[in-house]
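The chain is numbered in sequence order, starting from 1.
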Amino acid sequence: MMIQGDKRLRVVFAGTPEFAATSLQRLIEQQSILNIEIVAVYTQPDRKSGRGQKITASAVKKVAIANNIPVEQPVSFSLKYNPEQGVSGKVSRETLEKYRPDVMVVAAYGLILPLGVLGIPKFGCLNIHASLLPRWRGAAPIQRAILAGDTLTGITIMQMNQGLDTGDMLYKNICPITDMDTAQTLHDKLALLGADAIITVLQDLPNYQKKAEKQMDNEATYAEKIHSTEGQINWQDSAENIHRQIRALNAYSYLHDERIKVLAAQSIKQDQVTTEPAAKIVSVGKKAILVSCGTSDDGMKRLINLTVLQWAGAKPLNTEQIANSNKINDGDYFEMVD
């Protein structure tokens, strides 16, 4: 790092979930090699989680505490006073300034950083974004990429500006999407690639900033936040789209007025065509539960092979367990979306 001679680059890290914690852990391990010092970690306030609704620290906070790094958890950086929160972002900004950051690394932080905050670090704020910008700006790039049938995604290190993921691109790392990747498996791959990418950029930050590439706004797509209702399967949809839905979301359907989570399915087999009506359970076997779907782009109707289901309040069941339980029978129908 040739930014400040022998002086270590002062880094503030801002992030919240596991995706961000992966990068933080790697940066901590590489501090000496990168000639950086992580002087503070910013993360979302502790929140209730799990069945017991216990107050829980974020994944990023846990990593920071384990490595004796100061943790800040502001509720806002906005200068507009919020009486419900009982705090002004002015204090949050002043605290950040006291850390004298040279750069702020941001990954899935979940808190808006106003222009006044983006300008505090000497070299600005760098975002680790889980898509190949300008495709899939926004909150849910991993899920949206799978739902759209994308075959490639990746990581973009971006110089943050006031827009929604609109800043100049410093570096990209490509990741293929297989037809069996789920939101979780793709998340894990991208978390590792994100850590690699930010380390690469910090090794020669001035050069990457000098060669920054502007985004083509006309090529942008937006990854809107996922809503729980998007998980409900419409069996009139094609088998290919339903398969993507199962891989990307918390997919579910209804059978005998019971809500059932659809956790996994096999890849779509092009030769498994059918004339059965959509939503019909054609076969309940020990290797797969075959369900008829709607018409695909080629005009054919295909079967989807479900492999893991979960009833409310119960553990996930594989197809052999389901076949032995008589919970589902040949000829049953999943309920259709109104």
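Atom CG of Asn127 is separated from atom CG of Leu133 by 8.0 Å, given to the nearest 0.5 angstrom. If you take CG on Asp179 and CZ on Arg247, they are separated by 6.5 Å, rounding to the nearest 0.5 Å. Put simply, CZ on Phe77 and CG on Leu115 are 14.0 Å apart, with the number rounded to the nearest 0.5 Å. Going from atom CG of Asn67 over to atom CG of Leu24 covers 7.5 Å, rounded to the nearest 0.5 Å. Annotation: the span from Asp297 atom CG to Ser238 atom OG amounts to 6.5 Å, rounded to 0.5 Å.
Under 3.5 Å, the side chains of Arg8 and Gln31 contain no donor-acceptor pair of N or O atoms. Side-chain contact, Trp136 with Asp150: a donor N or O sits under 3.5 Å from an acceptor N or O. Side chains of Gln232 and Tyr254: no donor on one and acceptor on the other come within 3.5 Å.
Not counting sequence neighbours, the partners of Ser131 by the side chain to side chain donor-acceptor pair (under 3.5 Å) test are His129. Not counting sequence neighbours, Asp168 has no partner by the side chain to side chain donor-acceptor pair (under 3.5 Å) test. Residues satisfying the side-chain contact (heavy atoms from CB on, under 4.5 Å) criterion with Gln184, sequence neighbours excluded, are Thr182, His187, Asp188. In this structure, the side-chain contact (heavy atoms from CB on, under 4.5 Å) partners of Asn234, at least two apart in sequence or on a different chain, are Gln236, Met336, Val337. With sequence neighbours excluded, the residues forming a ring-ring contact (aromatic ring centres under 6.0 Å, His included) with Phe334 are Trp235, listed by chain and number. Residues satisfying the ring-ring contact (aromatic ring centres under 6.0 Å, His included) criterion with Tyr171, sequence neighbours excluded, are Tyr208. Residues that satisfy the side chain to side chain donor-acceptor pair (under 3.5 Å) test with Ser58, not counting sequence neighbours, are Thr43.
Residues Val12 and Leu170 are members of separate hydrophobic clusters, defined by side-chain heavy-atom contacts under 4.5 angstrom among Ile, Leu, Val, Met, Phe, Trp and Tyr. Cluster membership check: Tyr99 shares its hydrophobic cluster with Tyr109, using side-chain heavy-atom separations under 4.5 Å among Ile, Leu, Val, Met, Phe, Trp and Tyr. Both Ile120 and Val106 sit in one connected hydrophobic cluster of ILVMFWY residues. Membership requires side-chain heavy atoms under 4.5 Å apart, directly or through other members. If you chain together hydrophobic residues whose side chains sit under 4.5 Å apart, Ile233 and Ile268 fall into the same group.
Looking only at distances, no side-chain donor or acceptor of Gln203 sits under 3.5 Å from a matching main-chain atom of Leu34.
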Side-chain donor-acceptor pairs of residues 142-149 under 3.5 Å, sequence neighbours excluded:
residue: Arg144; atom: NE; partner: Glu224; partner atom: O; Å: 3.1
residue: Arg144; atom: NH1; partner: Glu230; partner atom: OE1; Å: 2.8
residue: Arg144; atom: NH2; partner: Glu224; partner atom: O; Å: 3.1
residue: Arg144; atom: NH2; partner: Lys225; partner atom: O; Å: 3.3
residue: Arg144; atom: NH2; partner: Glu230; partner atom: OE1; Å: 3.3
residue: Arg144; atom: NH2; partner: Glu230; partner atom: OE2; Å: 3.1

Side-chain polar contacts of residues 304-311 - donor-acceptor pairs under 3.5 angstrom, sequence neighbours left out - could you list them?
residue: Asn305; atom: ND2; partner: Gln266; partner atom: OE1; Å: 3.1
residue: Asn305; atom: ND2; partner: Gln272; partner atom: OE1; Å: 3.2
residue: Thr307; atom: OG1; partner: Ala264; partner atom: O; Å: 3.3
residue: Gln310; atom: NE2; partner: Ala314; partner atom: O; Å: 2.8

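Apart from Leu152 itself, the hydrophobic cluster it occupies contains Leu132, Ile174, where clustering links Ile, Leu, Val, Met, Phe, Trp and Tyr at side-chain heavy-atom distances under 4.5 Å. Hydrophobic clustering, defined by side-chain heavy atoms of Ile, Leu, Val, Met, Phe, Trp and Tyr closer than 4.5 Å, leaves Tyr333 isolated from every other such residue.
Judged as a ring pair (Phe, Tyr, Trp, His ring centres under 6.0 Å), not a single pair has a partner in residues 256-295 (not counting sequence neighbours).
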> Going through the distances and angles, do Gln30 and Ile36 end up as a side chain to side chain contact (heavy atoms under 4.5 Å, CB included)?
Replying inline: CA-CA 8 Å; Gln30 297 289 317; Ile36 66 173; over 6 Å; no
> Going through the distances and angles, do Met169 and Ile157 end up as a side chain to side chain contact (heavy atoms under 4.5 Å, CB included)?
Replying inline: CA-CA 6 Å; Met169 302 176 293; Ile157 304 298; over 6 Å; no
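Atom CG of Asp332 is surrounded by more than 12 heavy atoms from other residues, nucleotides or ligands within 6.0 Å. Surrounding CD1 of Ile65 are more than 12 heavy atoms belonging to other residues, nucleotides or ligands, all under 6.0 Å away.
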